[in-house]
Student: 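Input: one structure, supplied below.
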Number of protein chains: 2
Amino acid sequence: MNTLSSRPVIVAKPSSASHCIECDARHRSVCNAIGERDLERLAAVANPRKLERGQVFIEEGRPAIDFFNITSGTVKLYKMLPDGRQQITGFAGSGHFLGLAVSETYAFTAEAIEPIELCRFSRPKLRTLLDDFPALEKRLLETACNELVAAQEQMLLLGRKTARERVASFLATRHGESSACGKLSDRISLPMTRAEIADYLGLTIETVSRTLTRFKSEGKIALPSRDEVELLDPHWLLDVAAGQDSHTASFV
Amino acid sequence: MNTLSSRPVIVAKPSSASHCIECDARHRSVCNAIGERDLERLAAVANPRKLERGQVFIEEGRPAIDFFNITSGTVKLYKMLPDGRQQITGFAGSGHFLGLAVSETYAFTAEAIEPIELCRFSRPKLRTLLDDFPALEKRLLETACNELVAAQEQMLLLGRKTARERVASFLATRHGESSACGKLSDRISLPMTRAEIADYLGLTIETVSRTLTRFKSEGKIALPSRDEVELLDPHWLLDVAAGQDSHTASFV
DNA sequence: GGGTTTCCTTGATTCAAATCAAATTGTCGT
DNA sequence: ACGACAATTTGATTTGAATCAAGGAAACCC
C-alpha cells in the first residue's frame, strides 16, 4: 500500500510530441477526441509514468488534484471499510480515464495490479484542455454514462446474484470486453488474483476458487494456468450469468 | 407494471414559459445551468406530465428516445433478472435527471413510487439544447460523476456490508440528503415500501423489518408511522453505517 | 363501516456462503 | 535445484440471512 510519495516512480521518456501519437491507448481512450494535428497540445500537458504492481496512485479521501489515463496494464479501483473489508468497484485497463471527481477528494483508491503505464494530468491543465476541446468533454460524459451503466449492472450482481452467477458474469464480461478489443479467442486472461476477483464479486477467495473448480468439473471451462481461463461453452456461461441456469447442475 | 403506452398519462397544463420559472425543482436540477432569460427556450422543449404510483416511464431494453427531469415526487430505478429478482439501483427525487444513455436502449427501468411530476425531453431537442448551452453539458457531467460516486458507495454496501450496516447506511444517507435539502430534523420520511428498501439494499423484506425493529428496541430509532423514522442517535447510526459498530449489541 | 387487500411484523427452520483449517501448487531468489 | 513464501485448492464446520409460515395492522373500496 505504497503511495507515489512513499516510493519514487520510474518516469518514462520525457514529454515529447511523439508519445501521444504512438500511444497504444489512444484509439480507445477519450484522447481520441483530439485530432492528430492537436496531439502536440495534449502531449505537452500529459505526464507519462510507469508503475509497478501494488503501487497506489489515487487514494480515497486524498485531495483530487490529478487525473490519469491508463495507457497500458490494469489497475483496480476499490473502497475500504475501517476493519479492512474491501470492495473493488472496477478494473480499469488501457484507455481508461480516472480521477474525475466533482468533490475535492477522491472517492476511491486506485492501485496497479500489474506493471502499468499511465499519463497524469493536473486539474488546471485538464481544465484548459477541456475548454479548448469541447469534444473531449462530450467524450468524458459518454464514458461516465457507460460507467454508470456498468455500475448498475454490478449492483444487480452484488445485490441479487448467487455466487455461481457472479463468477459466470465475471467471466462472461471479461470475455465480452476482450473480444471487443479484437481478440476473438475464447481464452481470457485474468491479470488479477483470486482474492481480487473475490473482492470484486463480493465473495471470498474460497468461494471463487470452488466455483471455478466446479465449472471446470462440469466441463464448461478449462484452467490451463493460474491466470487463464478457456471458455468451453460461452453460451451456457451467458445463460448462467443472466440467471437462467438450468438449475445449478442440470441432469442432462 | 404499466407503461406509458398501456395507460394514458394525465398531461399537466400545456407548455408555457411560466412552468420552468415556477418549477420547484429548478434550483437543484441541471436546469439551473440555464439563465432566467433563456428559460423560455427550455420551457418550449420541456413536456410536463403527472404520473401515479406504479407507472413506468422508462423501461429497460426499450429504445432510449426520451430524457426526463423529475420535478416532484420520487421514482425508483431498477434492473431485473428473468426469474423476477430485482435490484433497485437508486431512488430519484425532485431535480433528478434521468435517461442519459449512450446506448440506443435504456439500461434500467424507472417507476413512480408515489404520484410524481416530470418533464420529458426528446433526444433531438435535448441535443439542440446542449449545443446551445454548453453549461448544461458541464452540469450533466458533474451529476454523472456524483452518481458514479454514489454507485461506488452502494457497491461497497452490497458487496461487503452486513444487513445491520446496510439498513443503518440507508437511514444515514436518507438523513444526510434530506438535511442537505434544508430540513434539519432528525425525522426522515420513507416514501418507499419495505419491499423496495429490501430490493435497494440486497436484502429481504423480513430482514429489513427485523433490523428496523431491532434498532427500535435498542433505543436508536423510533417508528412513529409506517413511512417515518426518527433518528434518536444519528451519530451511532453513522458509526454502524461505516462498519464501526461497537459490536452488534453492545453490553452497556 | 365492514370486508378485502396489501403491507408489515414476528417466529421457526433451512441453506448458501463464510469461516476455520490444512494441504497443495506455483513462483522467485539464490 | 532448493528452500521459502505466496497463491490456490480442498475439506469440515458455522452462521447470517433467506425461506417458509402465520398473525396483526393499516389503507382502500364499495
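A, B, ... follow the sequence lines: proteins, then strands. Residue 1 opens every chain.
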Student: Distance check needed: D/dT8 P versus A/Asp199 CG, whole Å only.
Tutor: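 A/Asp199 atom CG is separated from D/dT8 atom P by 12 Å.
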Student: What are the two closest non-hydrogen atoms of A/Leu201 and A/Arg166, and how far apart are they?
Tutor: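 A/Leu201 and A/Arg166 have their closest heavy atoms at O-NH1, 2.8 Å.
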Student: Return the orientation label for the B/Phe97 and B/Phe67 ring planes: parallel under 30°, perpendicular over 60°, tilted otherwise.
Tutor: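 B/Phe97 vs B/Phe67 ring planes: parallel.
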Student: Could you tell me whether the side chain of A/Glu228 and the main chain of A/Ser225 form a donor-acceptor pair under 3.5 Å?
Tutor: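 Flag not set: sc A/Glu228 to bb A/Ser225 has no pair under 3.5 Å.
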Student: Can you list, in residue-number order, the parts of residues 203-212 of chain A that come under 4.0 Å of DNA chain C, counting heavy atoms only?
Tutor: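 Within residues 203-212 of chain A, the residues near DNA chain C are A/Leu203, A/Thr204, A/Glu206, A/Thr207, A/Arg210.
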Student: Give every pair of a protein N or O atom and an N or O atom of nucleotides 25-30 of chain D that lie under 3.5 Å apart, one pair per line with the distance.
Tutor:
residue: D/dA26; atom: O4'; partner: B/Arg226; partner atom: NH2; Å: 3.2

Student: Rounding to an integer number of Å, can you tell me how far A/Met192 CE sits from D/dA7 P?
Tutor: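 So the two atoms are 15 Å apart, to the nearest Å.
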Student: Tell me, please, the opening and closing nucleotides of DNA chain C, 5' to 3', among those with an atom under 4.0 angstrom from a non-hydrogen atom of chain A.
Tutor: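 Terminal contacting nucleotides, 5' to 3': C/dA17 to C/dG26.
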Student: Minimum heavy-atom separation for B/Leu158 to B/Tyr200, with atom names?
Tutor: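 Looking at all heavy atoms of both residues, the closest pair is CD2-O, 3.9 Å.
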Student: Please report the distance, rounded to the nearest Å, between NZ in A/Lys216 and C1' in D/dT8.
Tutor: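 After rounding, the gap between these two atoms is 11 Å.
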Student: Please identify which of these residues, B/Ile70, B/Thr109, B/Ile113, meets the side-chain contact (heavy atoms from CB on, under 4.5 Å) condition with B/Val75.
Tutor: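 In the set B/Ile70, B/Thr109, B/Ile113, the residue that makes a side-chain contact (heavy atoms from CB on, under 4.5 Å) with B/Val75 is B/Ile70.
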Student: Considering all heavy atoms of both residues, which atom of A/Glu196 and which atom of A/Arg53 are nearest to each other, and what is their separation?
Tutor: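 What the structure gives for the nearest pair is OE2-NH2, 3.1 Å.
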Student: Where do A/Ala92 and A/His96 come nearest, in terms of heavy atoms and distance?
Tutor: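 Minimum heavy-atom contact is CB-CG, 3.5 Å.
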Student: Quick one: closest heavy-atom pair of B/Ser189 and B/Arg174, and the distance?
Tutor: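 Result for this residue pair: O-NH1, 3.5 Å.
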Student: To the nearest Å, how far apart are A/Arg194 CZ and D/dT10 P?
Tutor: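 Atom-to-atom, A/Arg194 to D/dT10, this comes out as 11 Å.
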Student: Using whole Å, report how far CG of B/Leu201 lies from C1' of D/dA18.
Tutor: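 The answer, rounded to whole Å, is 15 Å.
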Student: In whole Å, what is the span from the CD atom of A/Glu196 to the C1' atom of D/dA7?
Tutor: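 Spelled out: CD on A/Glu196 to C1' on D/dA7 is 11 Å.
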Student: Taking atom NZ of B/Lys220 as the centre, report whether more than 12 heavy atoms of other residues, nucleotides or ligands fall under 6.0 Å from it.
Tutor: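 Yes, enclosed.
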Student: Can you tell me the distance, in whole Å, between the CZ atom of A/Arg53 and the P atom of D/dA6?
Tutor: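 Value for this atom pair: 13 Å.
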